[in-house]
Each structure stands twice: as C-alpha cells, then as structure tokens.
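Down below is the structure, laid out as structure tokens.
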Amino acid sequence: MSVTAKDIAKALNISAAAVSMALNNKPGVSDELRAKIFSTANEMGFKYSKKMLRKNHKMIAVMFMHKNFIFDSAFFSEVGNSIEYRLKEHGYRLNAYHIHEHSDIQKEIEKVINDDPDGIILFGTLMMSSDIHYFNHLSIPVLLLDAYFSSFDGDSVVINNMEGARSATEYLIDHCNCCPGYIRSSNAFPNTLERADGFFKAIRNAGYHSNQVIMHEVIASSENSYADMIEIIDSKEPLANAYFCDNDEIAIGAIRAFKDRGYRIPEDISIIGFDNMNYSAYVTPPLTSINVPKVYMGKIAADRLMETIQSEVHYPIKIAINTNLVIRKSVK
C-alpha cells in the first residue's frame, strides 16, 4: 500500500493539512517543520506526484536582455551575484537565460517557461517599452529589475537615476563654478533618459540654460568612449571644464582620452561618473561617482520576488533604490 499524507501526519503527530502544505510548497509551515516532513516522507517511501516535484524544485529564472557590447558591464555581475546568493539562502537555485538583440522574444520566453521556474527576474536595463508586453500576464511572477515601464503589470526594482544625476551635477556646479558638460550614451535606454532628466534639472536650478551645455554622444563602453572622445577632441569641438557622464565606463574612457591629448584631470577638466563600479577607485585619478548599492539592490529584488511567489494576492509595486555620491579625485 502506498504512503499517504495522512500516514506522514500520523507518524509526526501533526495535521494532514500541514503535511499537504509542505509537500505542495505552500506557506503556513515553518522551514524546520517543512524539512522534517520531507525527511519523514522520504524515509517512508512517499511517492511524489509530478506536480509536487515541479513545485518543490524551487528554481528562479534570471533573464538578461542583450544589446550587443553594451551588456558587457560589471554592474550586471555584481547585482546578479547578490541575487544568486540571496536565493540560495532560501533554497532556490538560479538558471540564467540570455535574449540577444535579434532573438524571437516570445520563443525565448516559452523555453524558459518550459523549464518550470517559480518566478522570473528580468534585467530590463537595455529594454525598450516595446519589449515589455511579452512579459505581461505570464503564469508566474515576473520582477523587472533596473527599468520601469508603466505598461508592465509586475513589480519593478529601479535606481533613483534622476536624483543621482541631479546630485552629481550639483556637485560639479558647486566645485567648478561653471555650466557642466554632458558625455552621454548614444543609445537611449530608460536609465540614461532618467539621468539626462536629473542632469538638466540641476542645470536649470542653477540658472543655466540647456543651450549652454556642451554635450557629446559616445558608445557606452570604456574602449568605445575613449575612441569617440579622441575623435571629438581632435575635431576641435568645444570642450567643457567639467563633465557628468552617463556611467563609469564612459567616464573612464573620457579620462583616458583627455589625458592622452594633454589635459589634466581634474585641474583642466573635472569628470564624474555613475554606478561606482569597483574598478573606478583604481583609475588615475580615482573617479568620483554616484554609488548604486548593487548588492542591496539584488537582495531587494530577490526578496520581493520570493514574497510574491508565496503570496496569494499580489499588488504590483515600484521600489526605487536611492544613490549616494562617492567623492574621489576626478573633480577639483
């Protein structure tokens, strides 16, 4: 005769309902009791149904949207490692999936769903609003990380980009007594658009006009930023005495270009970045940057998705992670 949930309940002197909740991975029992129920079930030879096996494999899918080289950033590694560590603490394993620029998004999502994850964390940094509808109304919770779209029906965890850029620009204005320039990404994504809003808000608040801003567009990686800025400098375009950059990679590439063309940082040109990547402290001079608490951001994303998985009722929320300025040597 096969072992039933009632047999396990009798052996442990607990209710059959508690056993059922544990075996079906539902809330209502402690982690300690859940582990004891599974241990007893295994000892008694309980036969798990396919549905139970699926429910108890506890897997989260992390999906990355690629846009060629732009994805290649340590930012994703730091946040992703934090997510993985947090999920493992709660018994989940993590599977990573990559959607490249010309992929069929719908087919890629179907592949993920076929692996039966409990939920999805979607890195939306490089997504556009036209991409997000594919992720609405899925059968499992989806959390959008590092982007927000009003048309998305799930949770979002984002950086407070506008306020971070505003505070960086105000710092430049206060220390350089000039209208800062802006070295921005040639590819417009939600984060960079919000950072532009913060930059121009600070410019207006300081009494400058947007027409006074010297602005350069570069490809958002250190090597390409370097090459683009060398071309801009050599073309004799007007240069500013200080610059806000969309991210640290752009800032580091710009610093190299200015130095190679004889400019001193920060004596001649001050530069500030955004993201505060680990390597930013080791360039010459060390880069002043807006810090994004990447480990905390990953933890919050993982915790919110696990909470949603366990909840019977879901009210979508947007969580904005604040930033802070890390002062080093690249601003005079």
Inset, instruction - Give me the other members of the hydrophobic cluster that Ile230 sits in, counting Ile, Leu, Val, Met, Phe, Trp and Tyr linked by side-chain heavy atoms under 4.5 Å, directly or via other members. - result: Tyr226
Legend entry - Any side-chain heavy-atom pair of Phe46 and Asp7 under 4.5 Å: no
Legend entry - Carboxylate-amine/guanidinium proximity below 4.0 Å for Glu170 and Lys201: no
Legend entry - Salt bridge present between Arg256 and Asp260 (N-O < 4.0 angstrom): no
Inset, instruction - Scan side-chain atoms only and decide if Asp248 and Asn276 contain a donor-acceptor pair under the 3.5 Å cut-off. - result: no
Legend entry - Salt bridge Arg304-Glu307, side-chain N to carboxylate O under 4.0 Å: yes
Inset, instruction - Hydrophobic side-chain clustering at under 4.5 Å (ILVMFWY, transitive links): who's grouped with Tyr148? Put none if nobody. - result: Val158
Legend entry - Side-chain H-bond candidate by donor/acceptor type, Asn322 with Asn160, under 3.5 Å: yes
Inset, instruction - Apply the test side-chain hydrogen bond (donor to acceptor under 3.5 Å, both in side chains) to residues Asn191 and Asn161: give CA-CA distance (whole Å), side-chain angles for both, the deciding distance (0.1 Å), then the verdict. - result: CA-CA 6 Å; Asn191 278 351; Asn161 289 292; 2.8 Å; yes
Legend entry - Check against side-chain contact (heavy atoms from CB on, under 4.5 Å), Asp153 and Phe135: CA-CA 9 Å; Asp153 61 14; Phe135 297 90; over 6 Å; no
Inset, instruction - Return yes if some donor-acceptor pair links the side-chain N/O of Asp118 with the main-chain N/O of Met59 below 3.5 Å, else return no. - result: yes
Legend entry - Min side-chain heavy-atom separation Cys176-Val331 under 4.5 Å: yes
Inset, instruction - With side-chain contact (heavy atoms from CB on, under 4.5 Å) as the test, would you mind laying out the steps for Val213 and Phe200 before giving the verdict? - result: CA-CA 9 Å; Val213 175; Phe200 284 107; 4.0 Å; yes
Inset, instruction - Side-chain contact test, heavy atoms from C-beta onward, threshold under 4.5 Å: evaluate it for Ile214 versus Cys179 and give yes or no. - result: no
Legend entry - Heavy-atom neighbours of Gln310 CD exceed 12 at 6.0 Å: yes
Legend entry - Trace of the salt bridge (Lys or Arg N to Asp or Glu O under 4.0 Å) decision for Arg166 with Asp197: CA-CA 8 Å; Arg166 181 193 59 76; Asp197 287 343; over 6 Å; no
Legend entry - Side-chain hydrophobic cluster, 4.5 Å single linkage: members besides Tyr315: Val313
Inset, instruction - Answer yes if the side chains of Thr308 and Asp155 hold a donor-acceptor pair under 3.5 Å, and no otherwise. - result: yes
Legend entry - Whether Asn95 side chain and Ala61 backbone form a donor-acceptor pair below 3.5 Å: no
Inset, instruction - Please examine the side chains of Ile8 and Met44, heavy atoms only from C-beta on, and report whether any two atoms are closer than 4.5 Å. - result: yes
Inset, instruction - Please work out whether the ring planes of Phe244 and Phe199 are parallel, tilted or perpendicular, with thresholds of 30° and 60°. - result: parallel
Legend entry - Pair Asn224, Ser221: side-chain N/O donor-acceptor within cut-off below 3.5 Å: yes
Inset, instruction - Begin with the C-alpha distance, continue with both residues' side-chain angles, and end with the deciding distance and a verdict on side-chain contact (heavy atoms from CB on, under 4.5 Å) for Ile120 and Leu138. - result: CA-CA 10 Å; Ile120 295 172; Leu138 295 183; 4.1 Å; yes
Inset, instruction - Report the C-alpha distance between Glu108 and Lys111 in whole Å, list the side-chain angles of each, state the deciding distance to 0.1 Å, and finish with yes or no for salt bridge (Lys or Arg N to Asp or Glu O under 4.0 Å). - result: CA-CA 5 Å; Glu108 295 300 321; Lys111 291 178 184 177; 3.4 Å; yes
Legend entry - Short side-chain to backbone donor-acceptor contact, Asp131 and Met127, under 3.5 Å: no
Inset, instruction - Measure from NZ or CZ of Arg195 to the centre of the six-membered ring of Phe274 and say whether it is under 6.0 Å with the direction within 45° of the ring axis. - result: yes
Inset, instruction - Assess the pair His216 and Tyr243: is the distance between their ring centroids shorter than 6.0 Å? - result: yes
Legend entry - Centroid-centroid distance, Phe123 to Phe76, less than 6.0 Å: yes
Inset, instruction - Would you confirm whether Lys294, through its side chain, and Val292, through its main-chain N or O, come within 3.5 Å as a donor-acceptor pair? - result: yes
Legend entry - Validation row: Lys88, Arg93 side chains within 4.5 angstrom (heavy atoms): no
